[in-house]
**Q** 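First the structure, then my questions, so here it is.
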Amino acid sequence: MRVDIISIFPDYFTPLDLSLIGKARTSGLLDLVVHDLRTWTSDVHRTVDDTPYGGGPGMVMRPEPWSQALDAVGPGTLIVPSPVGKPFTQADAHELAAAEHLIFACGRYEGIDQRVIDDAAGRMPVREVSLGDYVLFGGEVAVIVIMEAVTRLLPGVLGNADSLTEESHAAGLLEAPVYTKPASWRGRDVPEILRSGDHGRIARWRRDQSLLRTAERRPDMFAAYPPAQLDRADRRA
Ligand SMILES: COC(=O)c1cc2cc(CO)sc2[nH]1
């Protein structure tokens, strides 16, 4: 997969040299290039922003550097993290993991001139995505989150692909609690069943915990869980 990230703070992305994403880059599974938007400015001050039409606080990112940057690195699937975007979900992560080429545009200030997004939409798929109902300084941190959600789904990136099937949100439910040694810790014991060796009962216990947790913490997810995927034993949980 090829990924281009365009930002006025390219150094924000040094974390993407680390751990499994870093390994994916060195192994060639992920071809990631981070670009400084100011590369595509032509004035001596390398200006990327200007005052907003219609007045109001702050500055807006000018269209010109962005259009030149997107012409240079595109076409691809353009992702613009934004407070006004569509909520990003695990399903979106799976869709993006299937793409050949992702381009991330990191907004700053009060955002990017809308015409950049409208113009790009005429040449490539564009997704404005939100990670949640809160405000950040810009899109960079959201891109790091999306990059993690997407690249961990790429074949070969995660050592144990089984983790992808059991994890929260993968099957539409929250996953069961996890435990490791010691069996007793500060007077708290690991649930006996997990040490029974009875894999059938362990699987049942985990499924029950997953259903209960989802019902308690995420009634929205629980309500959306397809009834056809609940078996008889589930209905007793
Ligand atoms: C100028 O601000 C941005 O470009 C910006 C991008 C994002 C993404 C957020 C979380 O969904 S909040 C936010 N602000």
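Note that the structure is predicted; figures quoted are calculated from it, not measured. All residue numbers in this chain count up from 1 along the given sequence. Just so you know, ligand 1 is whichever comes first in the structure, and atom 1 is the first atom listed for that ligand.
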**Q** Using the test side-chain contact (heavy atoms from CB on, under 4.5 Å), find all partners of Leu20 that sit at least two apart in sequence or belong to another chain.
**A** Lys23, Val157, Leu158
**Q** Indicate yes or no: at least one non-hydrogen side-chain atom of Gln229 is less than 4.5 angstrom from one of Asp234.
**A**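 Answer no - side chains too far apart.
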**Q** Starting from the N and O atoms of ligand 1, collect every protein N/O partner closer than 3.5 Å and put each pair on its own line with the distance to 0.1 Å.
**A**
{"residue": "ligand 1", "atom": "4 (O)", "partner": "Gly107", "partner atom": "O", "Å": "3.2"}
{"residue": "ligand 1", "atom": "11 (O)", "partner": "Ser130", "partner atom": "OG", "Å": "3.4"}
{"residue": "ligand 1", "atom": "11 (O)", "partner": "Leu131", "partner atom": "N", "Å": "2.6"}

**Q** Counting C-beta onward and ignoring hydrogens, is there a side-chain heavy-atom pair between Leu153 and His94 closer than 4.5 Å?
**A**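 Of all side-chain heavy-atom pairs linking His94 with Leu153, at least one is under 4.5 Å.
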**Q** Tell me whether Asp208 is salt-bridged to Arg206, with the criterion being a basic N under 4.0 Å from an acidic carboxylate O.
**A**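 Answer for the salt bridge query: no.
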**Q** Answer whether the closest heavy-atom distance between the side chains of Ile202 and Trp205 falls below 4.5 Å.
**A**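 No, every pair of side-chain atoms sits at 4.5 Å or beyond.
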**Q** Is atom CG of Asp220 surrounded by more than 12 heavy atoms (other residues, nucleotides or ligands) closer than 6.0 Å?
**A**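 Yes, CG of Asp220 has more than 12 neighbouring heavy atoms, counting only those of other groups under 6.0 Å.
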